[in-house]
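These notes concern the structure reproduced below.
Just so we're on the same page: letters track the sequence lines, and every chain starts at 1.
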Protein chains: 2
Amino acid sequence: MTSISPIIKPEPLHVQAYKYIQNYLLESEFSPGERLTELGLADMLGVSRGPVREAVRLLIHDGLLVQKGVHIYVFDPTFDDVIDIYLCKEGLEPLAAKLAAQNMTQSDQGTLLDIINRTNKALAHDEKRDIVKFNTEFHDLIIQSSGNTQLIQFMNLIHAKNLYMRNNILSNYARRDNFFEEHVRIADAIVNGDGVQAESEMKQHIQNDINMIGTIFKSKQKDDSI
Amino acid sequence: MTSISPIIKPEPLHVQAYKYIQNYLLESEFSPGERLTELGLADMLGVSRGPVREAVRLLIHDGLLVQKGVHIYVFDPTFDDVIDIYLCKEGLEPLAAKLAAQNMTQSDQGTLLDIINRTNKALAHDEKRDIVKFNTEFHDLIIQSSGNTQLIQFMNLIHAKNLYMRNNILSNYARRDNFFEEHVRIADAIVNGDGVQAESEMKQHIQNDINMIGTIFKSKQKDDSI
DNA sequence: AATTTTTACATTGTTGACAAAATACTGATA
DNA sequence: TATCAGTATTTTGTCAACAATGTAAAAATT
């Protein structure tokens, strides 16, 4: 029997704490390199140290927080870290695209094309926020459609770090102009069920990202920090 | 100043608990699907529930334990899970091989060739335990030599699951005959600094693994469980 | 003034207690 | 026998207290 009960059970505090702190990090509420304390976070969320502690441990495991000695700091990625992440993306996302081409439902294919259309409109109106949002949705849908649970799990980790870097490091830089055409080609290949094509288009797409980051790096090389 | 102090500080209990429980899982001390309780593990390790709880949370995050409702069970992978893992390996390990070819030190290259030699001897004497051990060392060294910290982190997760599955599922099946020749080709490419070659050899190597698993799957398809 | 030593403080590490929830058990009722 | 209600038990969720550790500040010594 399927429940239609209106009663919703609140998630355990440690789960909520994890989500909240992760969100704070992704939304740049904390600065890279900033030091955090369990008590500070606990007071902030209005709970005891226990649940916060579990959340912090997980975030350290994810790499969003870093433990130096006994203290905990917000991950402050170097450009090498950014490149490392993108190389992992280059390894995994083409696989996701290939699997998505094989497994994506009709309904999700419609959603994919819809995202493409909305991206197009957002570009026409130069609505930056939407452009970024639809970009994320595009990649997420492909990953989810891969049907590979392990891959989805790994990409979640990459995704969190990636988003974090986008918000904290790469935010000031304009997106590549031709990313939209690449998205169109990827989507076409997926809708046509051409796994090989989808895989190589996605690979090229991410390599272009990496090249862009490389040019950012060169233009910033004078500075010590990012 | 480098410390030569004989005083060793014990690791925090939650770190030890994590390592111990992970090790139990990898060494098949627990059966797949078995239910674990925090209190049971705590008694087993002689500590309170706190540290165990943190360790369990991490292991759930890693996917080695699974939470169904409130209860915690040992991961009981299906064949689909195994394939999913190996597809991720196919995405990441060729990248590791490519980077290793670019970055591996002279000293590590020597170690790599040494592993090859010892594998050869182990094969000649049919010492299965050593064969498996050297195989693991071979892949680990390449991953470590990639110099990509993110990649290493992800491969640690894959590796734990992979080892777990090897011990629990694939243990009864003979290893492919020609894996040694493939290792030799990979090692040659790395020592020659040929990243492209190393990448494609590694990809082929893992695809062969996947094919083998596929044949195992077919021959076992009658059974419900693994 | 510089360096060590001491002291105080802040923060993490760990535990045991209690509350809440889910599960398993028992017996009553149809 | 099957089903339900109520009870007991197990297990997780959360907290607050205390211990241990490391860090920073202050005092003392050279």
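The distance between atom NE2 of His14(B) and atom C1' of dT12(C), rounded to the nearest whole Å, is 9 Å. Gln67(A) places its CD atom 9 Å from the P atom of dT12(C), with the value rounded to the nearest Å. For the pair Leu13(B) CG and dT12(C) C1', the interatomic distance rounds to 13 Å; values are reported in whole Å. If you take CZ of Arg35(A) and P of dT23(D), they are 9 Å apart, rounded to a whole angstrom. Per the geometry, CG belonging to Leu39(B) stands 10 Å off C1' belonging to dT10(D), to the nearest Å. Distance His71(B) NE2 to dT9(D) C1': 12 Å, rounded to the nearest Å. To the nearest angstrom, P of dT12(C) lies 15 Å from NZ of Lys68(A). Going from atom CD of Glu11(B) over to atom P of dG13(C) covers 12 Å, rounded to whole Å.
The CG atom of Asp84(B) lies 4.5 Å from the OG1 atom of Thr149(A); values are rounded to the nearest 0.5 Å. The distance from atom CG of Asp130(A) to atom CZ of Arg118(A), rounded to the nearest 0.5 Å, is 8.5 Å.
In the model, Thr78(B) has a side-chain atom that pairs as donor or acceptor with a side-chain atom of Asp81(B) under 3.5 Å.
Within 6.0 Å of the OH atom in Tyr20(A), the count of heavy atoms belonging to other residues, nucleotides or ligands does not exceed 12.
Considering every non-hydrogen atom in both Ala97(A) and Met202(A), the closest pair reads CB-CB, 3.9 Å.
Aromatic ring centres of Tyr18(A) and His61(B): separated by under 6.0 Å.
Scanning residues 48-58 of chain A for heavy-atom distances under 4.0 Å to DNA chain C yields Arg49(A), Arg53(A), Arg57(A).
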